[in-house]
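Only one structure is covered here, and it is reproduced in the block below.
Chain A is the first sequence line, chain B the second, and so forth, proteins listed ahead of strands; every chain is numbered from 1. Worth knowing before you read on, the calculation uses all heavy atoms, side chains too, and leaves out hydrogens, waters and symmetry mates.
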Amino acid sequence: MEREGHLFDIFYTTEKDEPVINLYIKTDEEVVIARDTDFQPYMYIIPREGKKKDLKRKLEGLKFEEKGDRIKIFSIDEKKKKDLQDEKTVLKAYVKHPRHIPKLKEKIKDWEDIAQISEYDIPFYKRYLIDKQLKPPSKVYVKGVEIETDGEIKKIALEDVEQKDEKDILEPDILAFDLEVVDEKVVMCSFYKKGFNKVLVTYEQDYKEEYVEIVGNEKKLLRRIQNIFRNQDYTVITGYNTDQYDFKVLRDRFDEHGIDFEIGGHDEVRFKRRGRNYAAKVRGRIHIDLYPFVSTVISRTLDSETLDLNSVAEEVIGKSKEDMEWSDIKKSWENKENLDMLASYALKDSKLAHELAENIVPQIFSLSSLIGMTPFDTCRTSYGQLVENYLIKEAAIKNILVPNRPTQYQIKDRRTSGRFTGAFVYEPEKGLYENIALFDFKSLYPTIIVSHNISPDSLEREGCGDELKIEVGDEVYSFCQEEKGFFPEILENLVTERYNIKKEMKELGKKTQAYRNNYNRQNALKILSNAFYGYMGYSSARWYSRESAEATTKLGRDYIKKTIDMAEEMGLEVVYGDTDSVFLSAENIGEKTEEFGKKINSELPGLMELELEGMFKRGFFTYTNKGKGAKKKYALLKNNGELKITGFEYVRRDWSPIAKETQKKVLQQVLERDVEGAYNSVKTVIEKLKKGDIPLEKLKIYTTLTKRPENYDTKAPHVEAAKKAIKKGEKIKPGDTVDYIITNRGKTISEKAQITKYADNYDAEYYIEKQIIPVSERVLKVFGYTTSQLKGEGKQSGLDRFS
DNA sequence: CTTGACCGGGG
DNA sequence: GTGTACGGTCAAG
């Protein structure tokens, strides 16, 4: 029988000591598992010069036992493969089971006749996706017969699987959930899905809302959670930080009550180790934890420096919820007060996660299908893995041998010896500027790599007749231009496809599905192509090439400097420049921009292009404590009055709300040319602080405890505050975020720190000196104000220098 | 200046 | 699981 469906997950099982690949496929009607029993594990062994025959004979005769495992190579194919610059004959050695691969490698690694062993550490399921060129969660075609099973899921004995259109991607059907936990017990669990929202509660009382369901006790709550997870119709199960929190709590509570943690319908939730963390794998569903993806990928496009659900949702989808204080959640539950509010808070959390997922999951899916990884892996990826997975997939197609991962020793070595000059920064002269045009290079590094053929396989190529020599410091690197390199060829395709899609998008209505799909695809292309440069200099990369990375930044510096020179020649004032962007100012900036853009672009090679990113009415630039122009710290005022603030403290959570509010206000007033007003705002806040007029709410500072307070060697305010609270009977454990106030009792800051709950006064001096002054000084010293003036101690002087 | 500890998200 | 993967900041050395 033949059918089509979206391949959304893959893993292997061992049956009768043979590996079986299981493909999870969602067809229009149901989810099926297609089972492939024919895929064989292998690795490559490269013989030394002239030793091929000897080696092959020895390998064929090899038989050994390890921990009861009888291991032998049961067949060897000879292949030709490209190894960076040379073509080599390699032996493709097949074994019976994936776990034999590392054992075989260990056994033969010191053999005289072997020059190198390759591709021995590519997980079996990934190998399958790569070799079959499958791109989850896009559409595949499968052929096979149904197998009789007693389970709920239909199984197919796979005869053939083929990738269809990789742009035909699974439509996610999302269930979001969220736990409320008090004293390490689950007291509420909320669910949100289209047409289904529910809050399970263990405490019995009259609840106003119909979504509340009373379940009596924690054990019944867990049973009901299990029931909902199993029986609701959905493909994606999601939440925020569910790997590190919700799923772990659930596992512990299921354990405690002696219930099997089975929620996928036919298998236990598995915790897969990924570096120092674990990821919860639910077979039959796609468990997407939004947080790791937000923190590695989405965060780059965000202004917010904190990545809590609320701030992220606010920026990504423009929505947030009224946050409930942690202490209030606890209080509400302990006193059984306001439980309706607590339930609605719980529902809002999963609703928000759901809305965020509606936006982010399609991005993850699109990236998955481009890279060829499962969505499960993609949402937990690092940039290094993203690039490397793609490279391995492309290497297989181009018959290139995958380089081995560096050893720990090599990684250390690369880290210490591999530092090199980065991007060029044109430091801003502090102050206010009018009429600003912001130009930047479209995909600067990718286009440099393509236009100059920067690639590990083009580097120092012997006998090359057309070399590009790049001087970096004392070194000269040469890149052969005769043949397109591995990286440039890939990047050219990625960048060109993205340009084409963006063109296509202009013809489409923004609300159409086609537009959204295209948007996500071009976004995935952008994420991937922008990651290549970093990958070349990433110490754990298989295709590490410090020389290529160095050459890329060198060329980048040259291009941005050339841009700055040309701008100056044309009489434009250069305000600030960083890596790939320049801020230019001129009275008649509107007229000059077009001419400038045309001139620059006529001189740029190949795919390279400088683009006008935006025009601003006014901009504010500041400098660092050392008196140099501050990088990446500026505030811009758009023509429509909107503010764009970059790099200032006001977004960070380790500052008190009053400090953040004050800084934002000051920046706003400064940009409106009301410097004196800004100064007065600071003075007013300081006065209020002195009088004790600022509510404690605005003075809280948040920090998380990562271990038990008594285990800290250093005296930090949040630790000391926690210790004092514990003495008073408060329960605070590792992982808790404490909010504290610096009070006026005690000598050192640590002595003065008290959990908000136990604080009834504040140390005005501290908040003025350590919070308000530093954040406002950062802005106002540019206009000649000194610290003592801000404190109201000195006279004003030189105020109009910049106004 | 280098090294090592700490921290993120969640309740 | 063809295992054992972050990156930035800040105080201490």
Side-chain angles (χ1 to χ4, degrees), chain A residues 11-14 19 40-44 93-95 97-106 117-128 178-188 239-249 270 272-279 281 289-296 299 305-312 323-330 333 342 345-346 349 353 377 380-385 388 402 405 408 411 415-416 534 538-541 652-654 702-707 711-716 718-719 731 733-737:
Chain A
F11 63 90
Y12 84 89
T13 50
T14 302
Q40 292 166 348
Y42 64 87
M43 64 189 197
Y44 294 110
Y94 292 90
V95 293
H97 197 277
R99 69 169 183 270
H100 296 171
I101 294 276
K103 291 175 179 170
L104 174 62
K105 181 233 163 195
E106 275 307 303
I117 309 175
S118 292
E119 305 195 19
Y120 51 79
D121 58 358
I122 294 165
F124 193 52
Y125 75 96
K126 283 194 180 172
R127 179 91 266 174
Y128 190 88
D178 179 52
L179 300 179
E180 303 307 322
V181 179
V182 175
D183 294 337
E184 293 173 57
K185 288 194 179 76
V186 184
V187 299
M188 287 188 188
Y240 203 74
N241 206 22
T242 40
D243 274 343
Q244 305 310 313
Y245 192 74
D246 304 67
F247 270 108
K248 275 190 185 157
V249 169
R270 286 153 194 264
K272 304 234 162 199
R273 195 169 176 168
R274 306 179 74 82
R276 79 199 96 266
N277 296 330
Y278 284 89
K281 182 113 185 157
D289 184 351
L290 296 169
Y291 171 66
F293 191 76
V294 164
S295 105
T296 51
S299 67
E305 291 194 34
T306 58
L307 298 176
D308 53 289
L309 176 58
N310 231 10
S311 355
V312 172
D323 229 348
M324 214 170 147
E325 289 297 334
W326 301 308
S327 51
D328 293 340
I329 292 175
K330 224 179 138 181
W333 183 255
L342 189 55
Y345 163 82
D349 243 2
D377 283 340
R380 296 165 177 86
T381 187
S382 67
Y383 272 92
Q385 284 172 50
E388 199 147 279
V402 176
R405 282 151 75 169
Q408 281 306 313
I411 292 173
R415 269 194 197 140
T416 47
Y538 167 53
S539 55
S540 307
R652 298 173 58 108
R653 87 162 183 185
D654 45 359
Y702 294 98
T703 315
T704 305
L705 280 174
T706 50
K707 48 187 181 183
N711 294 346
Y712 280 84
D713 296 330
T714 48
K715 274 197 178 181
H718 70 289
V719 176
K731 282 179 195 156
K733 50 182 198 327
D736 287 354
T737 300

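- Between A/His718 and B/dC7 there is a side-chain N or O to OP1 or OP2 distance below 4.0 Å.
- The distance from atom NZ of A/Lys272 to atom CG of A/Asp243, rounded to the nearest 0.5 Å, is 12.5 Å.
- Taking atom CD1 of A/Ile411 as the reference point, atom C1' of C/dT4 lies 12 Å away to the nearest angstrom.
- In the set C/dA5, B/dG10, C/dT4, the nucleotide with an atom closest to the side chain of A/Tyr245 is B/dG10.
- The gap from the P atom of C/dT4 to that of C/dG8 amounts to 23 Å, rounded to the nearest Å.
- In this structure, the CG atom of A/Leu309 is 16 Å from the P atom of B/dG8, given to the nearest Å.
- Protein atom CZ of A/Phe11 is 13 Å distant from nucleotide atom P of C/dG1, rounded to whole Å.
- Rounded to whole Å, the P atom of C/dT9 lies 23 Å from the corresponding atom of C/dA5.
- For A/Arg273, the side-chain atoms get nearest to C/dG3 when compared with the rest of C/dG3, B/dG10, B/dG9.
- C/dC10 and B/dG9 have their P atoms separated by 15 Å, given to the nearest Å.
- When the ring pair (Phe, Tyr, Trp, His ring centres under 6.0 Å) test is applied to A/Tyr291, the partners found at least two apart in sequence or on another chain are A/Tyr240.
- If you check C/dA5, B/dG9, B/dG10 against the side chain of A/Gln385, the one that comes closest is C/dA5.
- Residues that satisfy the salt bridge (Lys or Arg N to Asp or Glu O under 4.0 Å) test with A/Asp121, not counting sequence neighbours, are A/Arg405, A/Arg542.
- Nucleic acid contact for A/Asp178: sugar-phosphate only, since backbone atoms but no base atoms lie under 4.0 Å from a heavy atom of the residue.
- Rounded to whole Å, atom P of C/dG1 lies 9 Å from atom CG of A/Asp377.
- When the C1' atom of C/dG1 is taken as reference, atom NE2 of A/His97 falls 9 Å away, rounded to whole Å.
- Rounded to whole angstrom, the span from the OH atom of A/Tyr278 across to the C1' atom of C/dG1 amounts to 12 Å.
- Between the OH atom of A/Tyr125 and the P atom of C/dG1 there is a distance of 6 Å, rounded to whole Å.
- No donor-acceptor pair closer than 3.5 Å links the side chain of A/Asp349 to the backbone N or O of A/Asp178.
- Across all strands, A/Tyr42 comes closer than 4.0 Å to base atoms (heavy-atom distances).
- Comparing atom distances between the A/Asp121 side chain and each of C/dG3, C/dA5, B/dG10 picks out C/dG3 as nearest.
- Comparing C/dA5, C/dT4, B/dG9 by their nearest atom to the side chain of A/Tyr240 picks out B/dG9.
- Outside the 6.0 Å centre-distance limit, the rings of A/Tyr125 and A/Phe11 are not counted as a close aromatic pair.
- For A/Tyr538, the listed nucleotide lying nearest its side chain is C/dG7; candidates were C/dG3, C/dG7, B/dG10.
- A/Leu104 comes within 4.0 angstrom of nothing in the nucleic acid, heavy atoms only.
- Counting only heavy atoms from C-beta on, A/Asn241 has its side chain closest to B/dG10 among C/dG3, C/dG1, B/dG10.
- Backbone-only engagement by A/Lys272 is indicated by non-hydrogen atom pairs under 4.0 Å involving sugar-phosphate atoms exclusively.
- Taking atom NE2 of A/His100 as the reference point, atom P of C/dG3 lies 14 Å away to the nearest angstrom.
- Classified by interplanar angle (parallel below 30°, tilted 30° to 60°, perpendicular above 60°), the ring pair A/His97/A/His100 is tilted.
- Distances shorter than 4.0 Å separate some side-chain N or O of A/Arg405 from OP1 or OP2 on C/dT4.
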